[in-house]
Amino acid sequence: MGVHMNRRLFGLACTLVLAASVSTTGCSSRYSPCPGADQRPEGLNTQDLVGTYEDSAARLTLRNDGTFTTVGWPADLEEASGNSRDRTGSGTWKLTPDHDIDWPVSFSFHKISGFWDSDVSGGYYGSGLYVGGGRENPHLYEYVGDPDSCDLNTLTRNS
């Protein structure tokens, strides 16, 4: 009961903040004034997201079976060794429920070259991305640095 109550209170707090302010720090999954930081497409499902996404430095492939592979992402791992453009990763992904306060697209990395290996360390490294665009042509994005700066890293689907 405590978890559901906390989610309801967080949702209420976000609604009150949005009603009282243009700034959306902490509630950015529902509204964003940043160009390119679109809302999650209405009715989006897991099948809509399957495909390969790219930006200038990374490639991410989301498969139908809930697994993913990536080259060049995540790039912001300070403790990782090697060039971030050559970093490979793999694990599982999921589209979180629309009302969830977690990342819209959630990743559990089982392996990240130069950083993490679940077979050795146990557990996993969690990360996530926001999703925008339409169901037919979605894109994935993350904020770089302070969300108020509106600096986005956007991965567009090419297949």
Side-chain angles (χ1 to χ4, degrees), residues 3-4 6-8 10-11 13-15 17-18 24-78 80 84-118 123-159:
V3 170
H4 296 293
N6 286 342
R7 285 186 180 167
R8 274 193 228 129
F10 179 77
C14 283
T15 302
V17 167
L18 289 175
T24 61
T25 304
C27 303
S28 60
S29 65
R30 295 288 175 219
Y31 171 79
S32 177
C34 300
D38 304 340
Q39 299 277 335
R40 175 183 177 147
E42 191 72 35
L44 186 73
N45 63 52
T46 300
Q47 186 60 41
D48 295 332
L49 291 175
V50 171
T52 299
Y53 297 78
E54 293 182 321
D55 70 5
S56 61
R59 186 175 69 249
L60 171 67
T61 300
L62 305 181
R63 292 191 188 87
N64 220 0
D65 65 359
T67 63
F68 74 91
T69 56
T70 185
V71 177
W73 183 78
D76 61 347
L77 300 173
E78 293 176 14
S84 64
R85 286 182 170 268
D86 299 326
R87 183 173 300 132
T88 59
S90 62
T92 57
W93 71 279
K94 69 177 181 174
L95 177 66
T96 60
D98 193 22
H99 61 277
D100 203 318
I101 59 171
D102 201 1
W103 293 103
V105 184
S106 162
F107 297 90
S108 295
F109 281 87
H110 298 274
K111 293 188 188 312
I112 302 173
S113 63
F115 183 71
W116 189 266
D117 185 340
S118 291
Y124 63 88
Y125 175 80
S127 191
L129 293 170
Y130 295 98
V131 60
R135 288 184 62 191
E136 301 77 31
N137 193 21
H139 62 267
L140 303 172
Y141 66 94
E142 64 183 338
Y143 290 91
V144 179
D146 183 348
D148 290 335
S149 72
C150 290
D151 187 9
L152 301 178
N153 178 32
T154 302
L155 293 101
T156 55
R157 186 166 67 186
N158 63 16
S159 66

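Quick caveat, the model's predicted, so the values are computed rather than measured. Atoms considered below: every heavy atom in the structure, side chains included; atoms not considered: hydrogens, waters and symmetry mates.
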Exercise for the section: Could you pull out all residues at least two apart from Asp117 that satisfy salt bridge (charged side-chain N to carboxylate O under 4.0 Å, His left out)? Expected result: Lys111

Considering all heavy atoms, the nearest [X]-[Y] contact:
{"X": "Gly133", "Y": "Pro41", "result": "O-CG, 3.2 Å"}
{"X": "Gly132", "Y": "Asp38", "result": "CA-CB, 3.7 Å"}
{"X": "Val105", "Y": "Leu95", "result": "CG2-CD1, 4.3 Å"}
{"X": "Leu77", "Y": "Arg87", "result": "CD1-CD, 4.1 Å"}

Completion exercise
Residues passing the side chain to side chain donor-acceptor pair (under 3.5 Å) test with Thr67, sequence neighbours excluded, are Asp65

Handout entry: side chain to side chain donor-acceptor pair (under 3.5 Å) against Ser118, all qualifying residues, sequence neighbours excluded
Key = Trp116

Out of curiosity, [X] [atom1] to [Y] [atom2], how far, rounded to the nearest 0.5 Å?
{"X": "Trp73", "Y": "Ser84", "atom1": "CH2", "atom2": "OG", "result": "13.0 Å"}
{"X": "Asp148", "Y": "Cys34", "atom1": "CG", "atom2": "SG", "result": "7.5 Å"}
{"X": "Thr70", "Y": "Glu54", "atom1": "OG1", "atom2": "CD", "result": "10.0 Å"}

Handout entry: Main-chain N/O of Thr88 paired with Ser113 side-chain donor or acceptor, under 3.5 Å
Key = yes

Practice task
Could you tell me whether the side chain of Tyr53 and the main chain of Pro138 form a donor-acceptor pair under 3.5 Å?
Solution key: no

Excluding sequence neighbours, so at least two apart, what forms side-chain contact (heavy atoms from CB on, under 4.5 Å) with [X]?
{"X": "Asp76", "value": "Pro74"}
{"X": "Thr96", "value": "Arg40, Lys94, Asp100, Asp102, Ser106"}
{"X": "Trp103", "value": "Tyr130"}

Handout entry: Partner set under ring pair (Phe, Tyr, Trp, His ring centres under 6.0 Å) for Phe68, not counting sequence neighbours
Key = Phe107, Phe109

Handout entry: Ring geometry between His139 and Tyr141 (parallel below 30°, tilted from 30 to 60°, perpendicular above 60°)
Key = tilted

Practice task
Step through the shown structure and confirm whether more than 12 heavy atoms of other residues, nucleotides or ligands are within 6.0 Å of CZ on Phe115.
Solution key: yes

Exercise for the section: Please collect all salt bridge (charged side-chain N to carboxylate O under 4.0 Å, His left out) contacts where either partner lies in residues 127-144, sequence neighbours excluded, each pair once. Expected result: Asp48-Arg135

Exercise for the section: Taking the side chain as every heavy atom from C-beta outward, state whether Tyr124 and Thr92 have any pair of such atoms under 4.5 Å apart. Expected result: no

Practice task
Would you mind reporting whether Trp93 and Leu49 have side-chain heavy atoms less than 4.5 Å apart?
Solution key: yes

Ignoring hydrogens and angles, write down the donor-acceptor pairs under 3.5 Å from the side chains of residues 56-64, residues two or more places apart or on other chains.
residue, atom, partner, partner atom, Å
Thr61, OG1, Thr52, OG1, 3.1
Arg63, NH2, Thr69, OG1, 3.4
Asn64, ND2, Gln47, OE1, 3.4

